[in-house]
Visitor: 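First the structure, which I've put down as structure tokens, then a few questions once you've had a look.
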Amino acid sequence: MDLLWFAIFAVLLAGYFALEGFDLGVGLLLPVLGRTRADRDRLVAAIAPYVLANEVWLVAVAGTLAGVYPLLEGEVLVGLYPLVVAMLMSWVLRDAGLWFRRRLGGSLWRGFWDGAVAFGSLGLSAGWGMALYAAATGFQAPVVHPLGLLLGVVVTLLFAFHGWTFLAWRTPGVFGAVRSGRAVLVSGLVAALPAIGVLAGAMPYLLAHTAPPATLNVLSLMVLPVAPILVGAQVWVWRTFRPGKTATLLPSFF
């Protein structure tokens, strides 16, 4: 049971990096590729059908961390409290930017919230790199450490590359490139490599600090029956909004 839940946690965290990674990557590219209002609308519309489905993976990661590794949850919240707060604020800022950017038509309004999307995406991307470094050191290193900052830059660049690859698949030719679904899969795996590396190194610690079997049994009864529904919903989103003749013309609620 310990190995099963470690595998579930690993899949959820790596899946979050691979899926939410392109959302954040497109947000990072918003000031670079979004030279006009129409371009920025196309960029946001490209990720709009996927954003909420991808964020579910983060909720699942947090729930699994709290239920399966309660001691680790305490270490994360205590050792990384300033970073966790900054990442939560970045998440709220990014999502607020997506929801509010088209509620009014003024240039200042749109510019402010488009900037919020980009800045929030940067904060989340860099924050994940810093959090992974802290986890790799057993939360002994300072929250702001040169190597942590370097890993934050690496994760940010990987997410930006993943976002660019996703755009080249979702909106072929619109932003100057065309990529296949296989290329998106590869870039997603590359974006998840930092998380996979930390999980591989932390496996002995996690297995030694797993919740008691009784807790895992209850979690299995509550969570595992719902898992096929979540996976099915994710598959439906990707099949429904895959590239087509009207891929860039789909209405966006962002």
Side-chain angles (χ1 to χ4, degrees), residues 1-25 27 47 50-81 83-92 94-95 120-121 123-136 138-139 148 151-152 155-156 158-159 162 188-203 205-207 209-211 215-216 218-220 222-235 237-238:
M1 190 66 74
D2 293 3
L3 282 173
L4 173 63
W5 275 102
F6 172 79
I8 292 173
F9 181 67
V11 168
L12 290 174
L13 184 59
Y16 170 79
F17 270 64
L19 293 170
E20 184 70 2
F22 70 76
D23 285 348
L24 297 175
I47 63 172
Y50 305 90
V51 170
L52 296 180
N54 293 345
E55 287 183 338
V56 170
W57 288 72
L58 180 58
V59 177
V61 167
T64 304
L65 179 66
V68 181
Y69 306 110
L71 295 179
L72 179 60
E73 180 203 14
E75 292 185 14
V76 170
L77 292 179
V78 173
L80 300 180
Y81 183 78
L83 182 58
V84 170
V85 171
M87 291 176 68
L88 286 174
M89 292 177 64
S90 296
W91 185 15
V92 171
R94 195 283 300 258
D95 281 17
S121 299
L124 270 175
S125 302
W128 273 113
M130 296 169 66
L132 287 177
Y133 175 77
F139 304 102
L151 187 54
V155 171
T156 299
L158 290 177
F159 282 178
H162 188 26
L189 291 174
V190 172
L193 280 178
I196 294 172
V198 171
L199 284 168
M203 183 177 178
Y205 175 88
L206 292 175
L207 291 177
H209 292 80
T210 308
T215 301
L216 298 182
V218 173
L219 287 173
S220 298
M222 295 173 59
V223 175
L224 295 183
V226 184
I229 300 175
L230 297 178
V231 173
Q234 192 80 42
V235 171
V237 168
W238 279 85

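None of these values were measured; they are calculated from a predicted model. Excluded from the calculations below are hydrogen atoms, water molecules and symmetry mates; all remaining heavy atoms, backbone and side chain alike, are included.
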Visitor: So how far is it from Leu3 CG to Leu206 CG, rounded to the nearest 0.5 Å?
Guide: 11.5 Å
Visitor: Can you tell me if Tyr205 has over 12 outside heavy atoms packed within less than 6.0 Å of its OH?
Guide: yes
Visitor: Sequence neighbours excluded, which residues qualify as ring pair (Phe, Tyr, Trp, His ring centres under 6.0 Å) partners of Phe17?
Guide: Trp128, Phe159
Visitor: Please confirm whether the backbone N or O of Ala18 pairs with a side-chain atom of His162, one donor and one acceptor, at under 3.5 Å?
Guide: yes
Visitor: Which distance, rounded to the nearest 0.5 Å, do you find between the CE of Met203 and the CG of Asp2?
Guide: 10.0 Å
Visitor: So, for Ala53 and Val237, which heavy atoms are closest and what is the spacing to 0.1 Å?
Guide: CB-CG2, 4.4 Å
Visitor: What donor-acceptor contacts under 3.5 angstrom involve side-chain atoms of residues 54-70, with partners at least two apart or in another chain?
Guide:
unit_1: Asn54; atom_1: OD1; unit_2: Gln234; atom_2: NE2; d: 3.2
unit_1: Asn54; atom_1: ND2; unit_2: Leu19; atom_2: O; d: 3.3
unit_1: Asn54; atom_1: ND2; unit_2: Asp23; atom_2: OD2; d: 3.0
unit_1: Asn54; atom_1: ND2; unit_2: Tyr50; atom_2: O; d: 3.2
unit_1: Glu55; atom_1: OE2; unit_2: Trp91; atom_2: NE1; d: 2.9
unit_1: Glu55; atom_1: OE2; unit_2: Arg94; atom_2: NH2; d: 2.8
unit_1: Trp57; atom_1: NE1; unit_2: Gln234; atom_2: OE1; d: 2.8
unit_1: Thr64; atom_1: OG1; unit_2: Ala60; atom_2: O; d: 2.8

Visitor: With a 4.5 Å heavy-atom cut-off, do Leu193 and Leu158 have their side chains touching?
Guide: no
Visitor: Measuring from Leu12:CG to Ile8:CD1, what's the distance to the nearest 0.5 Å?
Guide: 7.5 Å
Visitor: For a 4.5 angstrom cut-off between non-hydrogen side-chain atoms, does Phe6 reach Thr210?
Guide: no
Visitor: Of all heavy-atom pairs between Ala135 and Val198, which one has the smallest distance, and what is that distance?
Guide: CB-CG1, 4.2 Å
Visitor: For the residue pair Ser220 and Pro225, what are the closest heavy atoms and their distance?
Guide: O-CD, 3.4 Å
Visitor: Can you list every pair that meets salt bridge (charged side-chain N to carboxylate O under 4.0 Å, His left out) and has a residue in residues 83-92, with sequence neighbours left out?
Guide: none
Visitor: Which atom pair, heavy atoms only, marks the closest approach of Ala126 to Thr156?
Guide: N-OG1, 3.4 Å
Visitor: What are the two closest non-hydrogen atoms of Ala14 and Ile196, and how far apart are they?
Guide: CB-CG1, 4.0 Å
Visitor: Which heavy atom in Ala131 sits nearest to a heavy atom in Leu83, and how many Å separate them?
Guide: N-CD2, 3.6 Å
